[in-house]
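Written out below as structure tokens is the structure these notes cover.
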2 protein chains.
Amino acid sequence: MEKAKKDRLKSAGWRVGDATEFLELSAEEAAFVELKLALADYLREIRVRNEWTQSQVARRLGSSQSRVAKMEAADASVSLDLMVKSLLILGVSRSEVGRVIAKAA
Amino acid sequence: MEKAKKDRLKSAGWRVGDATEFLELSAEEAAFVELKLALADYLREIRVRNEWTQSQVARRLGSSQSRVAKMEAADASVSLDLMVKSLLILGVSRSEVGRVIAKAA
DNA sequence: TGACTGTATGTCAAATGTGACATACGCTTC
DNA sequence: GAAGCGTATGTCACATTTGACATACAGTCA
């Protein structure tokens, strides 16, 4: 995994169980995290494309600016449920969500 | 929506806010629930295909038989996170997960 | 019939996720 | 440099999800 991505994960609050200085994720954990990163990027893309602020998106979702920021950062405290529901509410189709998830990193 | 699917949702614990006798879901809620149903079906398919019992799958996941049963039933108490993580642990690729999610109902 | 295996369903304490808030940061404009 | 706007980050009370357990249900075999 490239360094930039690792740093991004680290700063997003992903923890590692061992004492090494590298993020040591199992293949499944890595796949899950990358999947979340893809959704996070897409969420931001949709927002920027529509020229919305995070606060405006939050209002649409019935959430808060800070949570939207965390979603876009793929913060460890946000669930896949929240991200997928958010995309659907913002008008993204189920099949498009699937495409985003399937897309190779 | 066809009746069989509605019954399945109802018995899976999905609630409806109004007093009508039909499940009244917004388009986004419906898409989300169907997405979960697709994952639930796929989860069972993987298990059956490999001739595993729910208990065996539970052990692999570090979970319990009852939770696996709930996953396969797309119970309202199970998260997308749990379902997706489970599929990944069972060896399903990220892109295959995407395909399952994207697949039209 | 009873024993056994596998699945479904209800409950619960503990773990995790939530919106909201405060506040920090970065940038632009005056 | 102060004010304004948008985004990031830490915290918290409250809500939801979790594995585990008990138990019910369905099928098979002897």
**Request:** Could you name each residue pair satisfying salt bridge (charged side-chain N to carboxylate O under 4.0 Å, His left out) that touches residues 49-69 of chain B, not counting sequence neighbours?
**Result:** Glu45(B)-Arg49(B)

**Asked** Could you run down nucleotides 10-25 of chain D 5' to 3' and tag each one B, S or - for protein heavy-atom contact under 4.0 Å?
**Response** BB-----SBBBB----

**Item:** Difference in axis direction between the ends of the helix from dT1(C)-dA30(D) to dC30(C)-dG1(D), five pairs, 10°
**Value:** 30°

**Item:** Stretch residues 46-59 of chain A: residues that reach within less than 4.0 Å of DNA chain D through a heavy atom
**Value:** Arg47(A), Thr53(A), Gln54(A)

**Request:** Using side chain to side chain donor-acceptor pair (under 3.5 Å) as the criterion, list what pairs up with Ser63(A), not counting sequence neighbours.
**Result:** none

**Asked** Among all residues two or more places apart in sequence or in another chain, which pass the side chain to side chain donor-acceptor pair (under 3.5 Å) test with Ser79(A)?
**Response** none

**Test item: Val100(B) and Val97(B) side chains (from C-beta on) under 4.5 Å apart, heavy atoms** = no

**Asked** Side-chain contact, heavy-atom cut-off 4.5 Å: Leu35(A) with Leu80(A)?
**Response** yes

Review item, side-chain donor-acceptor pairs of residues 84-93 of chain A, under 3.5 Å, at least two apart:
residue: Ser86(A); atom: OG; partner: Leu82(A); partner atom: O; Å: 2.6
residue: Ser93(A); atom: OG; partner: Ser95(A); partner atom: OG; Å: 3.2
residue: Ser93(A); atom: OG; partner: Glu96(A); partner atom: N; Å: 3.0

**Request:** Using modelled atom types only, decide if a donor and an acceptor are shared between the side chain of Asn50(B) and the backbone of Trp52(B) within a distance under 3.5 Å.
**Result:** no

**Asked** Can you name the side-chain contact (heavy atoms from CB on, under 4.5 Å) partners of Asp41(B), sequence neighbours left out?
**Response** Arg8(B)

**Message:** Taking side-chain contact (heavy atoms from CB on, under 4.5 Å) as the definition, give me every residue that meets it alongside Gln54(B), ordered by chain and number, with sequence neighbours left out.
**Reply:** Arg44(B), Arg47(B), Gln65(B), Val68(B), Ala69(B), Glu72(B)

**Message:** Show the nearest heavy-atom pair for residues Leu39(A) and Met83(A), with the distance to one decimal.
**Reply:** CB-SD, 4.2 Å

**Message:** Rounded to whole Å, how long is the line connecting atom CG of Asp75(A) with atom C1' of dT9(D)?
**Reply:** 9 Å

